[in-house]
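For reference, the structure is listed below as structure tokens.
Predicted, not measured: the structure shown is a model, and the values here were computed from it. Numbers here simply count residues along the sequence, with the first being 1. When reading the values below, keep in mind they use all heavy atoms of this one structure, side chains included, and skip hydrogens, waters and symmetry mates.
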Amino acid sequence: MKEAAAGLGHLLVFAFLFCVGAFMVAPVITDVTMAALCPGQDQCSLAIYLTGLQQAITGLGALVVTPVVGNLSDRYGRKALLGLPATLSIVPLAILAFNQTRPYFYAYYVAKTLTAMVSEGAMMCLSLAYVADKVPEAQRAAAFGVFSGACTAGFVAGTIATRFLSVSSTFQVATLAAIAAVVYMRAFVQETDRGESLLRDEEASLLLFAPSSSAEELSPRLPPLRKASSLSETAALLTSSSTFTRAAVITFFHSLGEAGLQTALLYFLKAQFHYTKNQYANLLLIIGITGSFSQLTMMPLLAPKIGEQKLLVVALLGSCVHGFLYSIAWSFWVPYLAASCVILSILVGPCIRSIVSKKVGPSEQVLSNII
């Protein structure tokens, strides 16, 4: 357990640094986009369309690319493949660190669209698979919550730094943070055995404490899918378990609403309430601090007591309230109130990942975390 804790400690530091670099630019990217596409204006339909198109392309691309990366991680190791999304994330940041004029913005846009297909989906899935390799099932919900909390803490740290930096300096510091994440990961994160030791321990426990005839009933598993191609693996996982199918449906509709909200929200606040970099940072800080507190404290405390399923229902209700308050915002302070609802809504992801992770074997952990 001590070795596992040490290994997760290094992974948490890597995730923190990665998220500092990735999210540091969030408060300024709206102003940079508006300045490049619609200079001097508070409304820009082109910016919204391009942002929505980018999210659609990266989402579909990640659906195809992530299973391939997951397959490769089963063969070559989680750490070896984590370096790919971590390294690719540096490229778009470096472009805007050099210049923020329109030609460089379009170069950033193309680079971000292409690299995000790998970096945004694969980094999270590989990291969660790493956690699943290291942590027993009974502790996995709390471990996923702690990992998500570390990512949110990086989000908070990056947002705080943004308030004290100029726009150009923000991209430069974010690039350095992304480089530091890659270097730290290469130097300190240790490779896993893809959960083989945990699987052996679980099998031994079943043989000792459960009748052989009921072992399958006590811990139902999806069939191993190592020999299938990546896309067919994903399709097989979606249809081979009612739990997985339901989780995928919930994730789809929840993500659809969240993506639509995120695409238009910052531009809406710009047009309606004339938000600037610092106001964006304040809003994101509320989201980050509240989300970090929720995942680091509420998830480990509540998940073992009430179960992931009940906690998921509460989190989904919180997500509905979160979006509804944004939709009826009548003053500049209402979005700040809405942001506080993330204390519940942010638990949707960790709950679903914990539920699904317990239903698959070590070689399917990356695929299970695609949803």
Quiz item: For Cys19 and Cys151, is the interatomic SG distance under 2.5 angstrom?
Solution: no
Exercise. Kindly determine whether Phe171 and Gln100 satisfy side-chain contact (heavy atoms from CB on, under 4.5 Å), including the steps that lead there.
Key: CA-CA 10 Å; Phe171 286 99; Gln100 293 90 46; 4.2 Å; yes
Beyond-backbone contact of [X] with [Y], side-chain heavy atoms, under 4.5 angstrom:
X	Y	result
Phe16	Leu12	no
Glu258	Ser319	yes
Leu302	Lys310	no
Val314	Leu347	no
Leu8	Phe147	no
Leu325	Tyr336	no
Thr170	Leu96	no
Thr159	Pro27	yes

Quiz item: Under 30°, 30 to 60°, or over 60°: which ring-plane class applies to Trp330 and Trp333, parallel, tilted or perpendicular?
Solution: perpendicular
Quiz item: Quick check: are there more than 12 heavy atoms from other residues, nucleotides or ligands sitting under 6.0 Å from OH of Tyr106?
Solution: yes
With no hydrogens and no angle check, is any side-chain donor or acceptor of [X] less than 3.5 Å from a backbone partner on [Y]?
X	Y	value
Glu191	Lys79	yes
Thr87	Leu84	no
Gln279	Thr276	yes
Arg78	Leu126	no
Ser331	Val334	no
Thr66	Leu63	no
Thr297	Phe293	yes
Tyr326	Val321	no
Lys270	Thr30	no

What's the spacing between [X] [atom1] and [Y] [atom2] if we round to 0.5 Å?
X	Y	atom1	atom2	answer
His322	Cys320	NE2	SG	11.5 Å
Gln43	Ile48	CD	CD1	8.5 Å
Ile250	Cys351	CD1	SG	10.5 Å
Met24	Leu165	CE	CG	6.5 Å

Quiz item: Which of these, Thr162, Val156, Thr290, sits in a side-chain contact (heavy atoms from CB on, under 4.5 Å) with Leu285?
Solution: Val156
Quiz prompt | side-chain contact (heavy atoms from CB on, under 4.5 Å) partner of Ser294, the single match among Val342, Thr152, Ile343 | solution = Ile343
Would a single hydrophobic cluster contain both [Y] and [X], if residues Ile, Leu, Val, Met, Phe, Trp and Tyr are joined by side-chain heavy-atom contacts under 4.5 Å?
X	Y	result
Val110	Leu53	yes
Phe23	Leu265	yes
Leu81	Val182	no
Ile90	Phe155	no
Met117	Leu50	yes

Exercise: identify the closest heavy-atom pair between [X] and [Y]:
X	Y	result
Thr33	Ala47	CG2-CB, 3.8 Å
Pro85	Phe18	O-CE1, 4.2 Å
Ala107	Ile95	O-CD1, 3.8 Å
Val20	Ala177	CG1-CB, 4.0 Å
Leu93	Ala178	CD1-CB, 4.1 Å
Met298	Leu344	CE-CD2, 4.2 Å

Exercise. Return each pair, listed once, that meets salt bridge (Lys or Arg N to Asp or Glu O under 4.0 Å) where at least one residue sits in residues 107-117; pairs must be two or more places apart or across chains.
Key: Lys112-Glu120
Exercise. Provide the full list of ring pair (Phe, Tyr, Trp, His ring centres under 6.0 Å) pairs with a residue in residues 250-276, sequence neighbours left out, each pair given once.
Key: Tyr275-Tyr280
Quiz item: Going by atom types alone, do Thr101 and Asn99 pair a side-chain donor with an acceptor below 3.5 Å?
Solution: yes
Exercise. Assess whether side-chain contact (heavy atoms from CB on, under 4.5 Å) is satisfied between Leu114 and Tyr109, documenting all intermediate values.
Key: CA-CA 9 Å; Leu114 296 176; Tyr109 181 85; over 6 Å; no
Exercise. Could you tell me which residues satisfy ring-ring contact (aromatic ring centres under 6.0 Å, His included) with Tyr184, sequence neighbours excluded, listed by chain and number?
Key: His10, Phe188
